[in-house]
Structure formats: C-alpha cells, structure tokens
Amino acid sequence: MRFSAATFAAAALLASIVGAAGQTSRENLVSLVREDCGSCHGLTLKGGLGPSLLPGALANKDAATLGEIILDGVSGTPMPPWRGLLSPEDARWIAENLKEGFPR
Amino acid sequence: MNRRGFLGAGLAAGVLGGAAARADERTPPLRGTGSLGLIVERATGSVLVIETMQRISLGRIDGLGDLSHASVVFSPCERYAYVFGRDGGLTKLDLLEMRIERRVVQGGNSIGGAISDDGRLVAVSNYEPGGVKVFDAESLTEVASIPAIGANGRASKTVGLVDLPGRRFVYSLYDAGEIWIADFGESGTPVVTKFLDVGLLPYDGNVTSDARHYLAGLFGEDGFAHLDLWSAKPKIERVLQGYNAGRNKIPVYKMPHLEGWGQTANDLILPAAGQHEALVLDLETMREKKRIPVHGQPIFCVARPDGREVWLNFGHPQNDTVQIIDVPTLEVVHSFAPGPAVLHLEFTPRGHEVWISVRDADRVDVMDVRRRTKVAEIPAQKPSGIFLAARAHRLGS
C-alpha cells in the first residue's frame, strides 16, 4: 500500500517537472542540468566521469548537434537518451545555454 | 563559530569559580567521537558535523570547495575526517574542534579515496589528470603519485578505490578496463600489480569486509569483474555476466554506486545497470542467485549492518523512493517515499537507525530501522553523502 503511495508521489514529481504542455520550466531545467546531469558531468559542469560541458569544451559543436546528443544519448558511452523526459525544445534550450555558459 | 559549541557547553557545566572556569573555556569537556559523523552539503561546499545519539547537527564547516560527489574516510582515532572533493581538494577536518586542520588541492578533479589499514596513508582517486595520489595522513604531504596509463597507452580515470590489509589499495581504471593493486608494504614506494582486460568501463568497485572479493561494476558490458584476493594467484573472472541479454536496457540517468554495498552473510546484493533490478550474487559459488525486481535503477544497495535487510535508493526520475529487501526471502518487503531526490543512506554502526539525505527537501531524515518510522529531521543544504565516524574501523568503503 505504501508502494502505491510512492508510485503516486513519483508520478506527481514527474508531473511537476514536466509541465502540461510537455515543456519544462526554465527553473526546473537549470536544476535538472546542475543536479542530474551534474551527477556525471559535475555540479559545476567541468566534467567528472562524463566530459566537461563548459563553453570552451563545447566550442566545436553546434547547439543542434548537442540537442540531438541530449535526446538520443551517445552509444558506447554512459550518456543516456533523455528523450521521453525532455522535449526537443528543452534539449535545444539546454544546448544553447551550455554553449553560452549555463545559468546557476 | 566552531569552538563555541564546546565552549558554551563548558561554561554551562562550569560551577567552579574564577581561574578554574577560565581553564574550562580553553578546555572543552572530554568526549568521544564514535557517535559523530558528517553530512556533505554538495552545493555550498560545506559539511555538517552530526551527533547520532542526540540526532542533532553540532555545526557547519565551510570552505571545502566543490563537494559534488564528495566522499569521506576517517582516521583510526575517529577524530579526523578526510573529505575528497570534486575539485581535487583533499581536506582533513577535526571533528572535535569542528574546523579544517589541513587542505591541499591535489588534482584537477577527483572522485574518492581510501585510508590505509594502519591509518598512515590517504589515497585519492582522480579523474583529471587520472591516476592515484597518496598522501601522508598526518601532514597531507604527497608520498606517491601513480599515473594510470593503461595497456592502451591512454591516461585513465580511476574509480572504485578501496583499502586492503597490509597498506594496499585496489582500484579500477575506467577508460583502460584494468584493475590495479598498489602495495605500499613498509615503504612509501608502491609495488603495482595490474590485471588487464577486466571488461569495458568499470564504473565503481568495492571489496567485501573480509578483504576477499573485489568487484568492479562494468558499464560497457553487463556484468562485474571479480578478483578473489585470497587466492595465491588472483585472476579476473566475470560474474553476473549478461544480465541485460535479450532485454531492453533501460536508460541509466545516474551511475549506480558500490560504496557501502549490500553484503549479507552469504550474498552480495548489487545494482543492475540498465534494469530495474537488484542482482543477488552467491558468494560461495560466485553465481547469480536471483534478480529482484525493484522500483527503479538502483543507486545504493546498502546492507543493514547485521545483514538482515538491504535498503535501496534509485536514480532519476524514481529517486524519491527507498525500498527494503528482506534477505532471507530476497523479496522487497517495504517501500516508502522520503521525498524528492533521496541521494544516500547511512546506518548507525549497529543499525538501529538510518540517516537518509533528501536533497531537494534540504533535509536529512533519521529513521528507526525496526519500526520504519521517522524519528528526527535535520535541516541541511542540498545534502548528499552521509558518513559516520565508525567507518574508521571498516575495511573497504
């Protein structure tokens, strides 16, 4: 019984992250990148088990390519596909902001 | 601020007059450290010093740098904590005086560390520039630097670094797919034994409490690399191989961890990578005993200190939940949701209570383990790892 409560809470959490239009609020995206992408790329995004996501490290990749990497992952590496959790607009927004220097 | 807690307590306790009371101000009341510990506040570069019998935070120590993914080991006397930060910082803290004793920035990007069985050497595993650096535990001066250049010629990140008896450390090379043992013997010059071709992308490793079985989880293939360190000639064997075979690999949004793992009397309960399952490895036969369906991608599978239960947390987006596996039946017997982003759990040394960090609620919950009820909440800023000083007397991480 506690489990169904847990499942409900998880669904509610997801619903709160992904808004009604399927697009995530900017604040939640910033938190997701810092906290969840940060578990491999570091809270400051300077890299960890995953590579650095600082602007200098991404200079040779355009935002469209980065957006696709976010959505589809990189096979043969631990980078997972975020499609399903993030919309293409979310991924593109993250990609563009990573290139600029990601907000805190 | 840090001496002040003790100073205040000293004053309150002081019923003596004049000079004796002034002596009290300088000399905090005697106390042990066995019920102390640290909570890492990852975003603010600080730690809270906690006391587990009163279930309180005694104070905060700031200035530890980037603590995302920070971990901690303790000196044998349980007075000093060594904090390994993501910015390569190695910080030695005094738990009694609640202050930084020493701090060095030893690499660009580090991931964890270990302390030798004699308490004299602290080893740090590095992502950038890779390799392992070893420091004198007293002074934090560098004793050795061991680059991790794999057989493929590339510098490798190192992971899964733990201590072995006899001033030895064992760790895995993430990029090279190797496991190395650095033996410091009597001297400061390590003798390194290398095991090659252990498998693709070992992401973490740990050793059983008898220092017999070292396992590295493989991310590049589904399985674990195993070394039997009691063998006269240890060799790599793959265990739990192919647990994803014939099934869809579910995207892994956070790497599982083997630190503080699910060691019970006969089995190891391990996180699958890419399945919502805990895998049970029989330590007698080194064969898979069972796959236990669980709520999400397991991150930590932590055995209660008596080994009767294993408690699990999960990766994004199922990370609000904790589940409990009953060891005799190998079934999930309880699930509950402490709150958003449960990052870590740490049992008190004999397992009567467990401390659970709930990052996005800025809170650590203390639970009564047998009743499975919350008995206290500790406010903390984005708490991640929780490390109790009793770890000082535990082999491995």
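Quick note: numbers below take in every heavy atom, side chains included, and nothing from hydrogens, waters or symmetry partners. Just so it is clear, the structure is predicted and the values come from calculations on it, not from any experiment. Here is how names work: the chains are called A, B, and so on, in the same order as the sequence lines, proteins then strands, and each is numbered from 1.
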In a table with atom names and distances, give each donor-acceptor pair under 3.5 Å that connects a side chain of residues 40-56 of chain A to protein atoms at least two apart or in another chain.
residue: A:H41; atom: ND1; partner: A:P51; partner atom: O; Å: 2.7
residue: A:K46; atom: NZ; partner: B:G108; partner atom: O; Å: 2.8
residue: A:S52; atom: OG; partner: A:L54; partner atom: N; Å: 3.1

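Residue contact with chain A, scored on non-hydrogen atoms closer than 4.5 Å, is absent for B:A273. Interface remark: B:L201 contributes side-chain atoms only to the contact with chain A (heavy atom separation under 4.5 Å). With a 4.5 Å cut-off on non-hydrogen atoms, B:K249 does not touch chain A at all. Using a 4.5 Å cut-off between heavy atoms, B:R42 contacts chain A through both its backbone and its side chain. Contact annotation for B:V322: neither backbone nor side-chain heavy atoms come within less than 4.5 Å of a heavy atom of chain A. Residue A:T77 touches chain B through its backbone alone, counting heavy-atom pairs closer than 4.5 Å.
Using a 4.5 Å heavy-atom cutoff, the side chains of B:H316 and A:E35 are not in contact. Between B:M255 and A:S39 the shortest side-chain heavy-atom distance does not fall below 4.5 Å.
Counting heavy atoms of neighbouring residues, nucleotides and ligands inside a 6.0 Å radius, atom CG of A:N60 exceeds 12 of them.
Here the closest non-hydrogen pair linking B:F219 and A:P78 is CE2-CA, 3.2 Å.
With chain A as partner, the option from B:R359, B:H69, B:R86 having the largest number of non-hydrogen pairs under 4.5 angstrom is B:R359.
For B:R103, the side chain to side chain contact (heavy atoms under 4.5 Å, CB included) partners two or more places apart in sequence, or in a different chain, are B:D87, B:T91, B:I100, B:V105.
Proximity of a side-chain donor or acceptor of B:Y253 to a complementary backbone N or O of A:P81 within less than 3.5 Å is detected.
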